[in-house]
Amino acid sequence: MTDGETPNLATLWFLAARAMAIAGEDMPVVQEAATGLYAQAILGLSEEECKRAKDADHIINKTLIDCLSGLRNLPTELAEKVITGVMMISYADRSMRPLEVRWASMLASAIEITPDDFQRCCVNARVIASMLRPQGSSA
Amino acid sequence: MLRECSSDRFDVATAGELSMTKQETNFKFLERFDKRVAELAKQAEEYVHTDPDSCMFKLRLMVETMAKKLTSLQMRGDISKDLGSMLGALERSGTIPRRQADSMHAIRRDGNAAVHGSATPPPTAMRRLKEAYKISGWFCKIIKRGSKVKLEEFVPPDPPTPLDNATIGLHGRIDALEESIEQRRNETRESLVMFGPDEDVVQVTRRIKEELEALDKVAAAAGEPVIDAEFVALVMAMDLEQIEEDPRHGGDSRKARRVAEKQLDEIKQHLADREREFLEERTMLMKQRDTMQT
């Protein structure tokens, strides 16, 4: 850890989600609005928790390694929800780039999810992405 | 009432730059960019004191006209004609920046409230008119690339008759309420978006990208295969189709949709409830004003 404390769920979520969005290179055009909505609707985070997690002084020193190690310590069900949300962000723009695949792979390894469970998360992610997907695309 | 004036507020400066000079209407400059939008803006301006609801109708229609034009210029695909969806799509595509989108959504919301019978207080209409003025300057630059539109400070139209002290006081309270509503809406928005307001998005993005690339190199050095993303995505897509058709996973995905829809609906309902509370607070103040006037 960079600051001696384990990132909380909100911080882990925003780190993981940002990494996936940035790996997709189109960030934050499509994924931005879905990020907080997923945090509050599916992960059950409050507005205040989401805001605190993105406080510049709080999140600036957190790395992706912190994120991976924090996820490893989450209960399996919660970690799977995070992965589902991250995959939803990846599916939101209907394309995958090498770094997106790599980040998904690293997250899956971190929580030691089975291939079957990972596929289940992907199916759920695609379902949710289809609910949030914008109509039309930019020219 | 609008102040009378013998000439335009604008001069066409050299190199296509526009600047305001005299007061007739705040929106004269719009005419050379979009006559329909200019007309709606001027009508809204005329109604702001005498009929705030009509002012909001006109402003909403103005925003809708702008959104349709931006959609036809910048977007492709099947875009919903619903204003909320249009603005959402334009914002997600990066056509409308966050600040302008917030103002356009605020006009849409208050316009809808007025249509549905919630009385618009004059300070609210004035606030939205000012926002429409700022959006207009940005809109002109977008629809005519290279245009330089220099907005002068917005000049609030004068009321037809001077307001008494009690009304001025009440309008002050309504304005304070609007301010607190804006603040609460901003807090909700800040909680939803990916980055905090004080974060340097460019720097954070660069840092995360560097970390991802470093981790990718570590993975490759550790013997992980180099990723052909298109191939992986194709395989995943094919797998997903099969999994979704599988009764076991199909059951999961249907359940996931139901659960996610329920949870999303709850959050949307929560946001809608808050908007309704805002309107109720505003309506209460309007009733006080009506009582004072009678």
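Each chain gets a letter, A, B and so on, in the order the sequences are listed, and its residues count up from 1.
Here the closest non-hydrogen pair linking A:Ala21 and B:Met194 is CB-CE, 3.7 Å. The two residues B:Leu212 and A:Trp103 make their nearest non-hydrogen contact at CD2-CE3, 3.9 Å. The heavy-atom pair separating B:Ser191 from A:Cys50 by the smallest distance is O-CB, 3.3 Å. Scanning all heavy atoms of the two residues, the minimum distance from B:Ala220 to A:Arg102 falls at N-NH2, 4.3 Å.
Residues meeting the side-chain hydrogen bond (donor to acceptor under 3.5 Å, both in side chains) test with B:Asp273, sequence neighbours left out: B:Gln269, B:Arg276. Legend: residues meeting side chain to side chain contact (heavy atoms under 4.5 Å, CB included) with A:Ala104, ordered by chain and number and at least two apart, are A:Met20, A:Met87, A:Phe118.
Using a 4.5 Å heavy-atom threshold, the side chains of B:Leu215 and A:Leu99 count as separate.
Heavy atoms of A:Ile59 lying under 4.5 Å from chain B belong to its backbone as well as its side chain. Of the atoms belonging to B:Arg207, it is side-chain heavy atoms, and not backbone ones, that fall under 4.5 Å from chain A. Both the backbone and the side chain of B:Glu187 have a heavy atom closer than 4.5 Å to some heavy atom of chain A. Contacts of A:Ala39 with chain B are absent, with no heavy-atom separation under 4.5 Å from either backbone or side chain.
Partner of B:Leu192 under the side-chain contact (heavy atoms from CB on, under 4.5 Å) criterion, out of A:Lys51, A:Glu47, A:Gln40: A:Gln40 alone.
The closest donor-acceptor contact from the side chain of A:Lys54 to the backbone of B:Glu199 lies at 3.5 Å or more, if one exists at all.
Summarising the local packing, CZ of B:Arg99 is surrounded by 12 or fewer heavy atoms from other residues, nucleotides or ligands at distances under 6.0 Å. Atom CD1 of A:Ile60 is surrounded by 12 or fewer heavy atoms from other residues, nucleotides or ligands within 6.0 Å.
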Passes side chain to side chain contact (heavy atoms under 4.5 Å, CB included), A:Thr63 versus B:Glu211? Steps please. CA-CA 8 Å; A:Thr63 66; B:Glu211 280 186 68; 3.3 Å; yes

